[in-house]
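Structure first, commentary second.
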Amino acid sequence: MRPLSRRGADPTAQRQNRRPLPDAAGHGGGRRSSEGDRPQQGRTGAPWHFWLVVVMATVYLGWRAVEGVVWLIQWFAGVIG
């Protein structure tokens with residue numbers, strides 16, 4: 001009889017459920033193109049809704065900066081005048 005691990009499963013069964021290790025060249029079994037060792041080009045870049053959030057945040061922060069400049073001008077005008 002083999003000794004059981006702490007969880008009660010056979011250690012060889014646990015080893016069999018692990019993901020395979022990448023080979024020596026560093027290629028972990030991903031999708032490959034017909035051109036050799038280069039991986040296939042999948043989706044590159046961020047999705048469109050990420051860029052929508054970036055644009056909207058930029059517009060919002062830009063407007064808040066304009067409001068801040070206007071507030072500073074009014075504050076300095078009140079202090080000086």
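This one's a predicted model, so the numbers in the text were calculated from it and none came from an experiment.
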Next on the checklist: If you apply the rule side-chain contact (heavy atoms from CB on, under 4.5 Å), what do you find for Trp48 with Leu52, and how did you get there?
Outcome noted: CA-CA 6 Å; Trp48 66 270; Leu52 178 65; 4.0 Å; yes
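- When hydrophobic clusters are built by joining Ile, Leu, Val, Met, Phe, Trp and Tyr residues whose side-chain heavy atoms come closer than 4.5 Å, directly or via intermediates, Val59 is not grouped with Val53.
- Among residue pairs with one or both ends in residues 49-63, none qualify as salt bridge (charged side-chain N to carboxylate O under 4.0 Å, His left out); sequence neighbours excluded.
- Sorted by first then second residue, the salt bridge (charged side-chain N to carboxylate O under 4.0 Å, His left out) pairs that include residues 56-72, not counting sequence neighbours, are Arg64-Glu67.
- Using a 4.5 Å cut-off between side-chain heavy atoms of Ile, Leu, Val, Met, Phe, Trp and Tyr, Trp51 falls into a hydrophobic cluster with Phe50, Val54.
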